[in-house]
Protein chains: 4
Amino acid sequence: MKEVSKRETILDAALSVVAAKGYISTKVEDIARKAGVAKGTVYLYFKDKSDIYIGLVDSILSKGLELVREIDSRPLSQREKLSEVFAAWVRGMHEQPGMVPLVSMESINLAAREVDRFKQSIKPRIRELIEAIAAIVRPGIEAGEFRRVDPYMAALMFVHSFPMNIMVVRHKLPVQDPVGTTLDMFFHGILPGTEPKPNHNGNHRKPL
Amino acid sequence: MKEVSKRETILDAALSVVAAKGYISTKVEDIARKAGVAKGTVYLYFKDKSDIYIGLVDSILSKGLELVREIDSRPLSQREKLSEVFAAWVRGMHEQPGMVPLVSMESINLAAREVDRFKQSIKPRIRELIEAIAAIVRPGIEAGEFRRVDPYMAALMFVHSFPMNIMVVRHKLPVQDPVGTTLDMFFHGILPGTEPKPNHNGNHRKPL
Amino acid sequence: MKEVSKRETILDAALSVVAAKGYISTKVEDIARKAGVAKGTVYLYFKDKSDIYIGLVDSILSKGLELVREIDSRPLSQREKLSEVFAAWVRGMHEQPGMVPLVSMESINLAAREVDRFKQSIKPRIRELIEAIAAIVRPGIEAGEFRRVDPYMAALMFVHSFPMNIMVVRHKLPVQDPVGTTLDMFFHGILPGTEPKPNHNGNHRKPL
Amino acid sequence: MKEVSKRETILDAALSVVAAKGYISTKVEDIARKAGVAKGTVYLYFKDKSDIYIGLVDSILSKGLELVREIDSRPLSQREKLSEVFAAWVRGMHEQPGMVPLVSMESINLAAREVDRFKQSIKPRIRELIEAIAAIVRPGIEAGEFRRVDPYMAALMFVHSFPMNIMVVRHKLPVQDPVGTTLDMFFHGILPGTEPKPNHNGNHRKPL
DNA sequence: GATGAATGAGCATTCATTCAT
DNA sequence: TATGAATGAATGCTCATTCAT
């Protein structure tokens with residue numbers, strides 16, 4: 001229905017291939033084949049291989065950011081917004097498991113000459129994403145919904161909780177409701193003294 | 001005291017080179033040169049290039065684990081132990097900045113055939129490390145020092161807070177006392193209701 | 001006429017280089033240079049170095065086999081056919097001296113893991129060639145033209161006489177008409193009792 | 001019982017290893033290990049790797065030559081001597097299968113710089129061996145026991161019949177009494193007209 | 001725009017040889 | 001004599017990138 005540009009077709013192919021084999025093991029030809037185009041065609045839309053990778057991460061981050069902004073505009077409490085963002089990300093991860101290894105900014109092992117360009121391109125997008133989370137936290141603090149933590153740090157912690165959550169799912173660790181558990185710890189910490197609302201998992205308890 | 005095995009010499013060299021250039025960009029010859037040995041010598045101690053990488057991560061994790069166990073044996077509260085582990089890791093990171101990109105389990109971009117071997121070797125070590133943290137959390141819960149969270153998840157969150165903290169330092173984000181802030185959020189979450197002890201940063205507030 | 005496939009071009013280059021330097025000493029780059037292509041191009045047509053070698057031997061054996069079959073179809077006595085095959089092989093050897101070291105099945109010194117592949121590919125071709133010779137011997141026996149020897153053994157002896165003949169030429173041994181001499185011994189043996197027809201070389205004599 | 005020199009110990013080890021894996025695949029360390037000495041020790045007795053190979057072939061050829069001379073001194077007909085030499089070689093081959101790939105002078109695929117030295121050393125030994133065979137043929141011709149063939153060519157054919165015979169055994173070709181058959185063809189050729197003595201195989205027939 | 005055959009720089013790995021002990 | 005840890009030259013192979021069609 002939607003006219004998908006060839007660039008996007010290639011990017012989609014790249015996502016699935018890179019997800020399956022990792023960036024290093026992925027050959028440009030693999031991506032081309034998966035996208036149903038010739039190798040040369042890829043170079044009509046991307047400067048070089050790392051440009052594909054940058055495009056890939058950029059695309060994922062853009063979608064993540066879009067999601068955050070959409071949810072931020074809903075009439076929810078800030079806490080509910082964060083919960084919803086997290087849940088949406090996890091859902092997205094299940095639909096596109098390929099994005100998992102891509103979300104960590106440190107996860108790159110590019111050739112030396114590519115690293116700088118990558119950082120130039122991606123760092124601002126990550127910061128943008130974190131800012132968008134911080135923009136949810138900040139009014140929450142103002143409204144007394146959250147403690148007076150550093151919003152940027154809170155956003156960082158939130159973002160970093162995501163790959164952790166993935167790890168649980170990936171390695172099939174025996175944790176019930178990992179999303180709920182992660183958010184629970186994110187919101188209440190591990191010290192007693194907050195009063196998490198009871199939930200069906202029951203893996204919480206009244207503080208002393 | 002100075003009696004260092006050649007294997008360790010090579011591993012040290014590998015750490016500094018890989019830290020500086022990334023695994024992919026690091027040539028075995030770079031490592032050899034840095035270690036002051038010939039290329040062939042490296043292959044007397046390591047099967048192949050990825051074996052060096054495995055050795056590297058393994059060594060770092062071992063040191064981290066050792067540290068955890070040592071601190072766990074001190075006469076401290078469980079919370080103090082966690083704080084101390086975190087601070088020690090951060091100190092270590094400043095001494096060995098190379099370890100930073102290596103601590104994330106997802107940070108690998110090895111060639112396809114190497115991935116399995118890597119996971120075989122490293123996964124158990126990571127799990128061991130997380131278990132050691134969980135072994136601090138668990139008695140804390142029993143003693144009522146912590147909420148009744150899933151100890152394994154708490155350990156995961158703790159471990160994942162580390163790279164986040166690194167990011168702050170790395171990118172020189174304007175956060176005062178990132179270690180304290182990170183631990184604060186880890187312990188108290190971002191919701192009001194716990195009563196963190198006032199500190200000079202003032203980033204705490206009365207719960208509602 | 002001149003339309004030669006690139007694969008054949010490479011094979012021709014490989015023949016002359018391998019003939020001159022031996023398989024081991026031949027670098028893939030040598031072959032590429034000789035063929036007027038880049039190193040990578042060679043790998044578009046051959047899986048690896050030993051695949052070139054297999055292709056080489058296969059090609060030579062195919063040509064030898066083709067020759068045998070063509071001659072077998074001519075209206076000659078079986079003995080004349082064998083003589084003609086031998087002479088044609090020797091002529092071919094003078095045009096393509098490179099094939100010499102390749103005709104012996106034992107002449108291989110490949111790396112261990114390559115040996116199996118080589119044998120898989122080449123053994124059947126050699127057997128085919130020997131069978132084609134045996135197919136000339138067999139009707140000769142039926143017709144009483146040859147003694148009732150084992151056709152397969154006779155074919156083997158015939159084939160093995162070829163490298164012997166080459167050796168004579170190669171090392172410039174002082175033998176007149178080595179081809180005639182070789183065939184003479186192949187047909188009559190060294191015992192007296194057969195009556196070889198006098199020929200212009202005169203290097204034969206009446207048996208007692 | 002017999003005081004075996006270390007040089008011979010190494011040579012024996014080399015034979016079995018080279019026989020099993022081929023010259024190229026054989027590492028000096030393999031030979032050393034098999035001989036029960038350290039790698040460096042090998043270099044006390046051999047200049048380099050190809051020197052071992054030369055020593056190996058030289059040793060085999062020497063034994064073969066010794067055998068020929070011993071048999072030549074026995075009170076037998078020249079024909080019986082040749083038969084006996086052939087049979088003895090085949091017996092030796094069964095005891096030391098490793099020698100098989102080594103007997104053909106063309107079977108070498110040494111590195112370029114080694115080829116010349118090899119030929120310098122080995123060619124004279126091969127020629128010596130062939131001369132020793134020719135020295136059996138020559139008086140046979142004088143005595144009318146053999147046709148007036150070129151003795152050197154006959155010797156060559158004789159020597160080249162050996163690897164052929166090996167091939168039959170190696171590849172388990174369905175030939176009864178390969179030694180007898182080979183000698184039969186060597187002595188009588190394949191044409192009718194000689195009168196081989198009837199034997200139990202019955203693979204003889206009346207000449208026309 | 002699209003193709004895919006051709007390119008060649010780049011690198012891990014091997015192993016014969018040396019030499020300090 | 002004997003050792004075996006250390007060396008480093010040598011080379012097969014990959015794959016991102018180009019460009020003639």
Side-chain angles (χ1 to χ4, degrees), chain A residues 6-7 10 24-33 35-53 111-114, chain B residues 5-7 10 24-33 35-52 111 114, chain C residues 6-7 10 24-33 35-52 111 114, chain D residues 6-7 10 23-33 35-53 111-114:
Chain A
K6 190 154 288 188
R7 188 175 191 280
I10 294 170
I24 296 297
S25 301
T26 295
K27 290 148 203 56
V28 173
E29 176 143 32
D30 296 335
I31 296 174
R33 195 183 308 119
V37 300
K39 219 187 326 176
T41 306
V42 173
Y43 284 87
L44 296 176
Y45 295 91
F46 297 91
K47 199 171 81 50
D48 55 24
K49 191 190 174 188
S50 62
D51 195 37
I52 303 174
Y53 190 73
R113 56 182 175 182
E114 303 168 332
Chain B
S5 81
K6 191 151 289 188
R7 188 175 190 278
I10 294 170
I24 296 297
S25 302
T26 296
K27 286 136 207 68
V28 174
E29 178 146 29
D30 297 335
I31 296 173
R33 195 182 309 118
V37 300
K39 216 182 335 172
T41 306
V42 173
Y43 285 88
L44 294 178
Y45 296 91
F46 298 91
K47 200 171 83 49
D48 54 22
K49 192 188 171 190
S50 64
D51 195 38
I52 303 174
E114 304 168 331
Chain C
K6 191 149 290 185
R7 189 175 190 279
I10 293 170
I24 296 297
S25 301
T26 295
K27 285 136 209 64
V28 174
E29 178 147 28
D30 296 336
I31 296 174
R33 196 183 306 119
V37 300
K39 213 184 336 170
T41 306
V42 172
Y43 286 89
L44 294 179
Y45 296 91
F46 297 92
K47 202 172 81 49
D48 55 23
K49 192 187 171 191
S50 63
D51 196 37
I52 304 174
E114 304 169 330
Chain D
K6 190 154 288 188
R7 189 175 190 280
I10 294 170
Y23 175 71
I24 295 297
S25 301
T26 296
K27 289 148 204 55
V28 173
E29 175 143 33
D30 295 335
I31 297 174
R33 196 182 308 118
V37 300
K39 218 185 328 173
T41 306
V42 173
Y43 284 87
L44 296 176
Y45 295 91
F46 297 92
K47 197 171 85 48
D48 55 24
K49 191 188 173 189
S50 62
D51 195 38
I52 303 173
Y53 189 73
R113 55 182 178 182
E114 304 168 332

**Student:** Assign C:Lys39 to base, sugar-phosphate, or nothing according to its heavy-atom contacts below 4.0 angstrom with the strands shown.
**Tutor:** base
**Student:** Measure the distance from NZ on B:Lys47 to P on E:dA12 and round it to the nearest whole Å.
**Tutor:** 14 Å
**Student:** Indicate, with a heavy-atom threshold strictly under 4.0 Å, whether A:Lys6 touches base, sugar-phosphate, or nothing.
**Tutor:** sugar-phosphate
**Student:** Who passes salt bridge (charged side-chain N to carboxylate O under 4.0 Å, His left out) against B:Arg7, sequence neighbours left out?
**Tutor:** none
**Student:** Tell me which one of B:Val37, B:Asp51, B:Asp48 satisfies side-chain contact (heavy atoms from CB on, under 4.5 Å) with B:Val42.
**Tutor:** B:Val37
**Student:** Tell me which of C:Lys27 and B:Leu44 sits closer to the 5' end of DNA chain F, going by the nucleotide each one is nearest to.
**Tutor:** B:Leu44
**Student:** Without decimals, in angstroms, what is the distance between B:Asp30 CG and E:dA12 C1'?
**Tutor:** 12 Å
**Student:** How long is the straight-line distance from OH of D:Tyr23 back to CD1 of D:Ile52, given to the nearest 0.5 Å?
**Tutor:** 7.5 Å
**Student:** For the residue pair B:Ile10 and B:Thr41, what are the closest heavy atoms and their distance?
**Tutor:** CD1-O, 4.4 Å
**Student:** On DNA chain E, check which nucleotide each of B:Val28 and A:Val42 is closest to and give me the residue with the more 5' one.
**Tutor:** A:Val42
**Student:** Without decimals, in angstroms, what is the distance between C:Ile24 CD1 and E:dT14 P?
**Tutor:** 16 Å
**Student:** Specify the residue among C:Tyr43 and B:Ala38 whose closest nucleotide of DNA chain F lies further upstream toward the 5′ end.
**Tutor:** B:Ala38
**Student:** Can you tell me which stems involve DNA chain E, if a stem is defined as three or more consecutive Watson-Crick or G-U wobble pairs, both distances under 3.5 Å?
**Tutor:** E:2-21 with F:2-21
**Student:** Could you tell me how far apart A:Arg33 (CZ) and E:dT3 (C1') are, to the nearest whole angstrom?
**Tutor:** 15 Å
**Student:** Distance check needed: E:dC15 P versus D:Lys49 NZ, whole Å only.
**Tutor:** 8 Å
**Student:** Quick one: pull up NZ in D:Lys49 and NZ in D:Lys27 and give me the separation to the nearest 0.5 Å.
**Tutor:** 7.5 Å
**Student:** Could you give the CZ-to-C1' distance, from C:Arg7 to E:dA5, as a whole number of Å?
**Tutor:** 17 Å
**Student:** Given side chain to side chain contact (heavy atoms under 4.5 Å, CB included), test A:Thr26 with A:Tyr53 step by step and report yes or no.
**Tutor:** CA-CA 11 Å; A:Thr26 295; A:Tyr53 190 73; over 6 Å; no
**Student:** Taking any heavy-atom pair under 4.0 Å as a contact, classify A:Tyr45: base, sugar-phosphate, or nothing.
**Tutor:** sugar-phosphate
**Student:** Rounded to the nearest angstrom, tell me the gap between atom CD1 in C:Ile31 and atom P in F:dT11.
**Tutor:** 13 Å
**Student:** How many whole angstroms separate atom CG of C:Asp48 from atom P of F:dT11?
**Tutor:** 17 Å
